[in-house]
Amino acid sequence: MISAKTYILDIAPYVGGDVTPAGMTRRIVLASNESPLGPSPRVLEFMQNLPLNLSSYPSGGASKLKEALSGVHNIPRDHIICGNGSEDIIHLICRAFVGEGDEVIMPQYGFLVYPIATKASGATCVRVPQPRLLSDVDALLGAVTPKTKIVFLDNPGNPLGCLMPRDDVLRLHKGIPDSVILVLDEAYAEYVADEHYESGLTLFKDATNVITLRTFSKVYGLAGIRVGFGVGAPALLDPLNRIRPPFNVNSVGQAAASIAVHDQAWVKKAKDHNMSWINWTKERLEASCFPVNPSHGNFLLFDCGSSDGAKNVYRYLGEKGIMVRPMAGYGLHHHLRVSIGRDHEMEEFISVMQDYFSRSNDLLRKNPA
């Protein structure tokens with residue numbers, strides 16, 4: 001009988017947010033943190049004409065995309081690696097640097113790909129508790145042992161939305177040994193407006209043990225073509241390039257991302273839309289007695305009071321055709337996560353949530369405990 005490695009069979013497959021429950025019809029999807037504005041008009045114009053030779057292989061090193069990223073972010077090209085989404089690079093990092101007997105540290109409620117990539121390499125996940133739904137620098141440092149090889153930090157955090165300020169990130173880096181890689185996952189960095197935040201792209205330009213990850217799936221609105229990139233010292237990226245699939249970013253993805261990164265006015269428009277609606281939505285959820293975790297991304301994590309409460313709210317929204325993200329897979333059984341969508345989508349989401357709150361109160365009044 002053929003069987004896979006034991007630690008592979010211990011992996012829970014990743015399940016995306018865009019899952020429609022049986023019998024429900026999707027009308028509004030607020031489950032996957034996609035950009036409601038979509039891609040830059042420049043990208044759409046390019047896609048309509050698609051002046052590419054699709055019978056030819058793409059650039060194996062994503063040369064034009066690296067050139068574009070280098071110009072916009074002021075980063076040397078040899079400090080950049082591109083991937084089929086940033087999770088592609090997460091897997092490469094684990095494959096290159098850890099194996100059985102090694103430990104990988106990650107926040108308790110961090111991105112679900114961290115444990116998948118860690119276990120797929122045979123290493124051990126060390127989940128650091130986040131009791132206040134925040135990433136704690138002292139807790140992360142306290143988890144470091146001689147077996148530690150990588151520390152993952154999603155900043156801003158997903159699904160929590162929390163943010164570790166600049167000084168704490170610097171303290172985290174200073175506190176880990178030079179032999180440990182700090183991976184800063186900044187999928188939502190473009191949405192951050194906090195003055196105490198600074199990206200790893202500028203904080204760690206000269207560091208030899210930091211890899212900063214970014215994606216085109218969120219603010220750039222290109223989730224469907226799967227493009228991400230990582231930035232780190234050339235010596236740190238060299239092992240990743242040795243095992244990277246030779247054409248891991250397709251021609252369309254490379255070209256579209258190269259165009260998108262130059263349209264920073266579109267990025268600002270997406271950020272402004274998000275800031276307006278995230279505050280509006282948070283205020284109204286809290287007015288309906290759903291506590292909301294402060295968020296620096298394009299989503300909100302809200303507390304439904306109990307596991308049954310979360311299931312009931314999710315079902316009620318689904319019956320109205322609104323899909324949000326259940327959080328039980330993250331261990332947050334009382335919570336749901338809602339992405340910031342278009343204007344009318346957020347208005348309808350809040351209207352349904354307020355209706356649910358009113359109906360629940362009416363039921364309590366009729367059937368007091």
Side-chain angles (χ1 to χ4, degrees), residues 39-40 42-43 58-93 96-97 150-156 163-164 166 169-170 172-174 176 178 180-194 197-222 225-244 248-249 253-268 270-271:
S40 159
R42 300 182 193 176
V43 174
S59 165
S63 56
K64 289 186 179 179
L65 176 53
K66 286 182 180 178
E67 182 180 349
L69 292 167
S70 175
V72 171
H73 293 291
N74 191 27
I75 299 166
R77 289 176 55 180
D78 61 351
H79 285 62
I80 302 171
I81 184 171
C82 298
N84 183 34
S86 56
E87 61 266 37
D88 182 23
I89 305 171
I90 291 170
H91 279 278
L92 291 175
I93 293 168
F97 293 107
I150 298 172
V151 176
F152 280 111
L153 175 64
D154 47 342
N155 196 38
L163 190 73
M164 183 177 285
R166 173 196 310 111
V169 175
L170 287 171
L172 174 62
H173 179 245
K174 184 177 180 180
I176 63 174
D178 292 341
V180 173
I181 301 171
L182 174 61
V183 180
L184 292 175
D185 185 352
E186 297 185 344
Y188 300 91
E190 290 88 356
Y191 291 109
V192 180
D194 193 295
Y197 172 79
E198 188 172 351
S199 167
L201 297 182
T202 54
L203 275 180
F204 299 113
K205 279 192 172 183
D206 299 320
T208 58
N209 66 333
V210 178
I211 298 176
T212 301
L213 302 178
R214 290 289 187 93
T215 182
F216 282 87
S217 296
K218 305 306 177 186
V219 78
Y220 287 103
L222 297 176
I225 60 174
R226 315 305 306 124
V227 182
F229 68 98
V231 174
L236 202 55
L237 300 185
D238 176 67
L240 310 188
N241 281 311
R242 291 174 184 268
I243 61 173
R244 176 180 55 80
N248 63 329
V249 185
Q254 291 186 35
S258 299
I259 295 168
V261 76
H262 282 297
D263 193 352
Q264 290 299 308
W266 187 255
V267 171
K268 184 181 184 303
K271 179 178 179 177

* Structure fact -> Sorted by chain and residue number, the side chain to side chain donor-acceptor pair (under 3.5 Å) partners of Asp88 (sequence neighbours excluded) come out as Asn248

* **Pairing residues for Ser40 by the side chain to side chain donor-acceptor pair (under 3.5 Å) criterion, not counting sequence neighbours** => Asp263

* Who are the side chain to side chain contact (heavy atoms under 4.5 Å, CB included) partners of Lys268, not counting sequence neighbours? -> Asp272

* To do: Return the set of residues passing side chain to side chain donor-acceptor pair (under 3.5 Å) with Thr202 (not counting sequence neighbours), or none when no residue passes.
  => Glu198

* Keeping to residues at least two apart or across chains, list the salt bridge (Lys or Arg N to Asp or Glu O under 4.0 Å) pairs with something in residues 210-222. => Glu186-Arg214, Glu190-Arg214

* Asked: Where is the tightest heavy-atom contact between Val227 and Ala257, given as atom of each residue plus distance?
  -> CG1-CB, 3.9 Å

* Asked: Is there side-chain contact between Leu213 and Leu184, with at least one heavy-atom pair below 4.5 Å?
  -> no

* Asked: Among all residues two or more places apart in sequence or in another chain, which pass the ring pair (Phe, Tyr, Trp, His ring centres under 6.0 Å) test with Phe204?
  -> His173

* Would you say Leu203 and Val169 make side-chain contact, with heavy atoms under 4.5 Å? -> yes

* Asked: Going from CD1 on Ile211 to CD1 on Ile90, what distance comes out if it is rounded to the nearest 0.5 angstrom?
  -> 10.5 Å

* **Residues in salt bridge (Lys or Arg N to Asp or Glu O under 4.0 Å) contact with Asp238, at least two apart in sequence or another chain** => Arg242

* Side-chain contact, heavy-atom cut-off 4.5 Å: Leu240 with Ile93? -> yes

* Over all heavy atoms of both residues, which pair between Ser217 and Thr215 is shortest? Give the atoms and the distance, please. => N-OG1, 3.0 Å

Please tabulate, one pair per line, all N/O donor-acceptor pairs under 3.5 Å involving side-chain atoms of residues 74-82, not counting sequence neighbours.
none

* Taking it one step at a time, do Leu172 and Leu182 satisfy side-chain contact (heavy atoms from CB on, under 4.5 Å)? -> CA-CA 9 Å; Leu172 174 62; Leu182 174 61; 3.8 Å; yes

* Look up atom CG in Leu69 and atom OG in Ser258, then write down how far apart they are to the nearest 0.5 Å. => 7.0 Å

* To do: Return yes if some donor-acceptor pair links the side-chain N/O of Asn209 with the main-chain N/O of Ile181 below 3.5 Å, else return no.
  => no

* Between CD on residue Glu87 and CG on residue Leu92, distance to nearest 0.5 Å -> 11.0 Å

* Structure fact -> Nearest heavy-atom approach of Phe97 to Leu236 is CZ-O, 3.5 Å

* Asked: Are Tyr220 and Trp266 side-chain neighbours, meaning at least one heavy-atom pair lies under 4.5 Å?
  -> no

* Structure fact -> Value for OG (Ser59) from NZ (Lys64), rounded to nearest 0.5 Å, stands at 9.0 Å

* Considering all heavy atoms, the nearest Met164-Asn155 contact -> N-OD1, 2.6 Å

* side-chain contact (heavy atoms from CB on, under 4.5 Å) between Asp154 and Phe152, intermediate numbers included -> CA-CA 7 Å; Asp154 47 342; Phe152 280 111; over 6 Å; no

* **Any residue meeting ring pair (Phe, Tyr, Trp, His ring centres under 6.0 Å) with Tyr191, in chain and number order, not counting sequence neighbours** => none

* **Donor-acceptor under 3.5 Å (Lys271 side chain, Val192 main chain)** => yes

* To do: Could you tell me which non-hydrogen atom of Gly253 sits nearest to which non-hydrogen atom of Ile225, and how far apart they are?
  => CA-CD1, 3.7 Å

* So, the side chain of Asp185 versus the backbone of Leu153: is there a donor-acceptor pair under 3.5 Å, distance only? -> no

* Structure fact -> Shortest non-hydrogen pair, Leu163 vs Pro156, comes out as CD1-CG, 3.8 Å

* **With Thr212 via side chain to side chain donor-acceptor pair (under 3.5 Å) - residues at least two apart** => none

* Could you give the distance from CG (Leu65) to CD (Glu67), rounded to the nearest 0.5 Å? -> 10.0 Å

